[in-house]
Enquirer: 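This is the structure I have questions about; it appears just below.
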2 protein chains.
Amino acid sequence: MALSTKPLSGMRQRFPEQFRVEKFVTDVLSGSSVSAGFQEYDGPVIEPLALFAAKSGGELVGRQSYSFTDRGEREVILRPEMTPSLARMVASSGELQLPVRWFSMPLCYRYERPQRGRVREFLQFNLDILGSNSLAAELEVILVLNGIMKSFDAPSSIYRIGWSSRRFMTEALLRCGVKQELHSGVFSAIDKKDKMKDEAWSDYLLQACGGDKKVAGTVVSLVSVESLSDSWLVNLMAESPAFNEVQEFDLLLEKTGISSALFSPGVVRGLDYYTGIVFELVDTGSENRRSLCGGGRYDNLVGLFGAGRISGVGFGLGVLTLTLFLESYGLIPESVKQAAPADVYIAVASSSVIADAGLLAETLRNSGIRVMMDVSGKKLGKQFSEASRNRITQVITVGVEEAETGIYKMKYLPDGKVTAGSVEELIGILK
Amino acid sequence: MALSTKPLSGMRQRFPEQFRVEKFVTDVLSGSSVSAGFQEYDGPVIEPLALFAAKSGGELVGRQSYSFTDRGEREVILRPEMTPSLARMVASSGELQLPVRWFSMPLCYRYERPQRGRVREFLQFNLDILGSNSLAAELEVILVLNGIMKSFDAPSSIYRIGWSSRRFMTEALLRCGVKQELHSGVFSAIDKKDKMKDEAWSDYLLQACGGDKKVAGTVVSLVSVESLSDSWLVNLMAESPAFNEVQEFDLLLEKTGISSALFSPGVVRGLDYYTGIVFELVDTGSENRRSLCGGGRYDNLVGLFGAGRISGVGFGLGVLTLTLFLESYGLIPESVKQAAPADVYIAVASSSVIADAGLLAETLRNSGIRVMMDVSGKKLGKQFSEASRNRITQVITVGVEEAETGIYKMKYLPDGKVTAGSVEELIGILK
């Protein structure tokens with residue numbers, strides 16, 4: 001029986017035309033990171049299960065994991081996210097290296113039901129600063145995030161960076177009358193607000209609040225706040241250090257002109273390890289409902305490895321989700337989609353001149369010209385068609401005479417114009 | 001108990017200084033491929049076990065595989081190599097696209113005992129042409145391989161491209177008196193020649209030859225041949241089409257000046273699916289015994305997917321093995337190892353000017369300058385040390401006065417010289 005021509009469901013397979021688009025996206029992500037002094041790293045795809053069991057949250061290592069026992073009887077997992085591996089690397093490299101500013105483009109794995117923008121094998125861009133307690137770190141990562149969107153020419157009207165603070169929300173929930181032991185459940189409920197129907201969500205929140213309608217109502221008021229100068233909020237949070245921090249950060253964002261950033265107390269992010277400022281990037285339109293990016297400050301991850309307390313702040317961004325967003329707004333340039341794989345095609349008139357064609361190809365390549373040499377062995381007409389199919393505009397023909405004289409004819413396919421010249425002359429035209 | 005700060009044995013973890021070296025290597029591999037009109041693709045890491053069971057050879061899917069049953073009861077494997085996934089992609093994209101010239105940089109997995117140059121999780125560069133039966137395809141991939149080595153400034157004395165042909169060897173073995181049913185075992189024995197002690201190998205070969213000493217002796221003569229004009233060989237292979245092809249290819253290599261290529265009948269390559277020309281890249285010195293690269297022509301892979309017969313030729317090259325080779329010959333430039341992560345460091349004199357520093361950083365970044373903005377919140381002296389530690393030579397200080405006047409001081413750390421100027425003036429110096 002013939003094998004299937006399809007990959008497994010949810011797996012990442014990229015033909016060259018798809019790869020070009022993905023690379024356009026990842027190049028901008030890398031470029032923006034490098035521009036801000038971040039350095040690239042990578043960790044293993046296969047990790048000990050215990051690394052994620054500790055902090056990522058039960059769903060990731062339970063129902064959604066690719067975990068198995070390897071041939072050496074180790075319980076392993078294909079990483080569902082990058083941050084725990086990053087924390088381990090920072091723990092092992094010692095305090096002298098702090099602060100670190102690192103980014104990565106890891107393949108990650110989650111066993112979820114595939115749907116638009118959600119697959120099982122995905123590239124997730126990660127950018128983090130570890131070893132700084134200053135809000136300058138939060139500002140810096142959000143500057144990079146905003147810089148990424150500007151590099152894609154995304155107008156600030158089509159995306160929003162919603163942000164809040166776990167520390168602030170913890171204090172606010174206490175002041176709303178939510179007991180500490182209910183916070184985890186209430187955070188989960190708040191995180192699911194946009195993913196559920198209104199009524200179902202109200203019931204869910206009420207239950208998370210221990211069935212107390214008054215408390216649940218106050219929580220609804222809290223997550224509905226749209227401004228830090230809201231008088232109800234200011235009154236609720238009087239003399240709260242966490243509220244001061246939130247106000248301070250809001251001022252930093254305003255002063256640096258990040259108009260897309262908006263204080264949103266409903267943003268709490270799903271991962272269990274966030275402790276301070278949290279944020280997410282969302283499409284303001286309706287086509288892409290999943291958040292493009294989520295991040296925040298985490299204080300207690302590196303300590304898991306026995307190192308001292310090292311605080312981090314960073315974000316993860318799904319490359320596929322971002323690509324779909326860019327495509328839905330027409331922000332993937334046609335020049336990327338239609339790029340030709342070479343500057344010139346070398347047509348080979350007969351098999352007796354293959355070596356001559358190869359030598360010519362090498363000379364041109366050494367001059368920085370991208371050369372596709374014919375390997376089909378077909379007739380010249382078909383070779384010209386092959387150049388066209390590849391959107392290559394120039395074709396040099398190598399025959400016995402050309403090989404002897406060193407004078408070649410080059411045809412510009414769009415207008416059919418033919419130029420004859422030496423290798424040096426053709427290089428001059430092609431460069 | 002604290003979690004281990006080490007990754008699992010044999011897994012790929014790259015700190016930024018290691019990542020830079022790896023990226024230097026992979027950039028050359030990509031660049032050489034793009035220069036020859038090859039396009040990048042990628043396939044899934046998680047593949048159906050059946051995809052590899054069919055053709056890769058028993059060892060890869062048996063003792064050396066990372067295989068498991070996923071949550072949907074699928075028998076899956078972490079790809080041990082790329083070629084079967086490539087064959088599937090070509091089969092699914094249809095004949096109209098042929099020939100394809102593709103390359104990839106996949107992560108691959110083999111459960112082997114880790115040692116120098118051999119790990120369990122590794123990047124393996126792959127470059128292939130599918131849909132061409134011409135020797136021009138073999139020539140083209142070897143031109144790229146040779147071009148890669150030249151791009152690394154590797155002198156041709158330190159590496160050798162040994163090559164032979166499976167078809168030729170099949171005919172030669174028959175003429176040496178080795179029955180067809182013994183060929184697979186004899187190929188295995190030939191492949192292990194350099195990995196075993198002489199005496200043990202002689203015994204192994206004798207057994208593979210069915211215990212026939214005369215036949216085994218002839219096979220030893222065959223694999224010891226060093227030239228295609230060897231009179232014993234010419235006599236043995238009279239009027240053999242496969243021998244003609246080998247001679248033709250030898251002439252192509254000679255004419256294109258690939259002096260590092262050497263006909264070597266002992267090169268058969270381990271993968272079961274090769275059918276024509278095979279080749280490998282080896283270190284001529286003694287430090288790196290593993291072949292850096294192996295490849296050849298495979299005729300019967302794409303057919304597994306029910307498509308017509310599509311012949312391919314290509315090679316796989318281990319990025320780690322190549323990196324070790326380059327390092328042992330001093331071919332990784334110091335400038336790569338010592339690269340600074342930014343062109344300028346912005347020191348922040350007090351927390352009241354963080355936003356001003358952020359705005360300055362963004363202006364410089366938009367001009368193409370790589371800027372590391374301080375996030376430590378430490379005193380200025382420590383911030384200057386932080387710039388030094390990162391090998392960044394220029395430091396701009398932002399304080400209240402600078403934020404007000406827009407005139408900044410920039411210090412060049414190597415000589416301590418200070419320049420004062422507007423943002424535009426500093427950009428002029430930094431670019």
Side-chain angles (χ1 to χ4, degrees), chain A residues 2-3 5 7-8 11-16 19 34-37 39-46 48 50-51 54 66 68 70-71 88 91-93 99 102 107 111 121 129 132 134 136-137 139-140 143 252 255-256 304-306 341-342 354-355 358-359 362 365 370-373 375-377, chain B residues 2-3 5 7-8 11-16 19 34-37 39-46 48 50-51 54 66 68 70-71 88 91-93 99 102 107 111 121 129 132 134 136-137 139-140 143 252 255-256 304-306 341-342 354-355 358-359 362 365 370-373 375-377:
Chain A
L3 290 166
T5 56
L8 294 173
M11 294 300 148
R12 174 177 165 272
Q13 181 167 280
R14 298 284 178 270
F15 288 90
F19 195 94
V34 166
S35 168
Q39 300 191 78
E40 195 162 1
Y41 70 99
D42 203 357
V45 170
I46 302 180
L51 180 63
Y66 279 93
F68 61 100
D70 80 2
R71 290 182 187 273
R88 179 188 59 211
S92 75
S93 63
W102 289 358
L107 272 174
Y111 194 86
E121 177 178 59
I129 296 176
S132 160
S134 165
L139 179 66
E140 184 72 315
L143 281 175
L252 281 179
K255 278 192 189 168
T256 42
L304 291 175
F305 304 92
I354 290 176
L359 278 172
E362 285 299 281
R365 287 167 187 165
R370 297 175 305 150
V371 180
M372 187 181 284
M373 175 175 86
V375 292
S376 73
Chain B
L3 289 166
T5 56
L8 294 173
M11 294 300 147
R12 173 176 165 271
Q13 181 167 279
R14 298 284 178 269
F15 288 91
F19 195 94
V34 167
S35 169
Q39 300 191 78
E40 195 162 1
Y41 70 100
D42 202 357
V45 170
I46 302 180
L51 180 62
Y66 279 93
F68 61 100
D70 80 1
R71 290 181 187 274
R88 180 188 60 211
S92 75
S93 63
W102 289 358
L107 272 174
Y111 194 85
E121 177 178 59
I129 296 175
S132 161
S134 164
L139 178 66
E140 184 71 316
L143 281 175
L252 281 179
K255 278 193 190 167
T256 43
L304 291 175
F305 303 93
I354 289 176
L359 278 173
E362 285 299 281
R365 287 167 187 164
R370 297 175 305 150
V371 181
M372 187 181 284
M373 175 174 86
V375 292
S376 73

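Just so it is clear: chains get the letters A, B, ... in the order the sequence lines come, proteins before strands, and each one is counted from 1. Only this structure's heavy atoms are used, side chains among them; waters, hydrogens and symmetry mates stay out.
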Enquirer: Report the option among A:A342, A:A91, A:G43, A:S376 that has the most heavy-atom pairs separated by less than 4.5 Å from atoms of chain B.
Expert: A:G43
Enquirer: What residue, out of B:E40, B:M11, B:Q39, has the most heavy-atom pairs lying under 4.5 Å from chain A?
Expert: B:E40
Enquirer: Is any side-chain heavy atom of B:K255 closer than 4.5 Å to a side-chain heavy atom of A:L359?
Expert: no
Enquirer: If you count heavy-atom pairs within less than 4.5 Å of chain A, which of B:P48, B:P7, B:A137, B:A36 leads?
Expert: B:A36
Enquirer: Return yes if some donor-acceptor pair links the side-chain N/O of A:S134 with the main-chain N/O of B:G377 below 3.5 Å, else return no.
Expert: no
Enquirer: Please look at A:F305 and chain B and tell me whether the side chain, the backbone, both or neither of the residue comes under 4.5 angstrom of a heavy atom of that chain.
Expert: both
Enquirer: If you look at every heavy atom in A:V375 and B:P99, which pair is closest and at what distance?
Expert: CG2-CG, 4.3 Å
Enquirer: Write down the atom of A:M373, the atom of B:A136, and the distance for their closest heavy-atom approach.
Expert: CE-O, 4.1 Å
Enquirer: Taking the side chain as everything from C-beta on, heavy atoms only, tell me whether B:L107 gets closer than 4.5 Å to A:V45.
Expert: yes
Enquirer: Would you find a donor on one side and an acceptor on the other, under 3.5 Å apart, between the side chain of A:T256 and the backbone of B:G358?
Expert: no
Enquirer: Which region of B:F15, side chain (C-beta onward) or backbone (N, CA, C, O), has a non-hydrogen atom less than 4.5 Å from a non-hydrogen atom of chain A, or is it both or neither?
Expert: both
Enquirer: May I ask you to name which of B:P341, B:S35, B:G37 has the most heavy-atom pairs under 4.5 Å with chain A?
Expert: B:S35
Enquirer: For A:I129, is it the side chain, the backbone, both or neither that has a heavy atom under 4.5 Å from a heavy atom of chain B?
Expert: side chain
Enquirer: Would you mind telling me which of A:R14, A:R370, A:R71, A:E140 has the largest number of heavy-atom pairs within less than 4.5 Å of chain B?
Expert: A:R71
Enquirer: Checking B:E362 against chain A: side chain, backbone, both or neither under 4.5 Å from a heavy atom?
Expert: side chain
Enquirer: Identify which part of A:E121 has an atom lying under 4.5 Å from any heavy atom of chain B, answering side chain, backbone, both or neither.
Expert: side chain
Enquirer: Against chain B, label A:D42 side chain, backbone, both or neither, depending on which of its atoms sit under 4.5 Å from a heavy atom there.
Expert: both
Enquirer: At a heavy-atom distance under 4.5 Å, which candidate from A:Y66, A:F19, A:W102 has the highest pair count against chain B?
Expert: A:F19
Enquirer: With a 4.5 angstrom heavy-atom cut-off, which part of A:L252 approaches chain B: side chain, backbone, both or neither?
Expert: both
Enquirer: For B:L139, is it the side chain, the backbone, both or neither that has a heavy atom under 4.5 Å from a heavy atom of chain A?
Expert: side chain
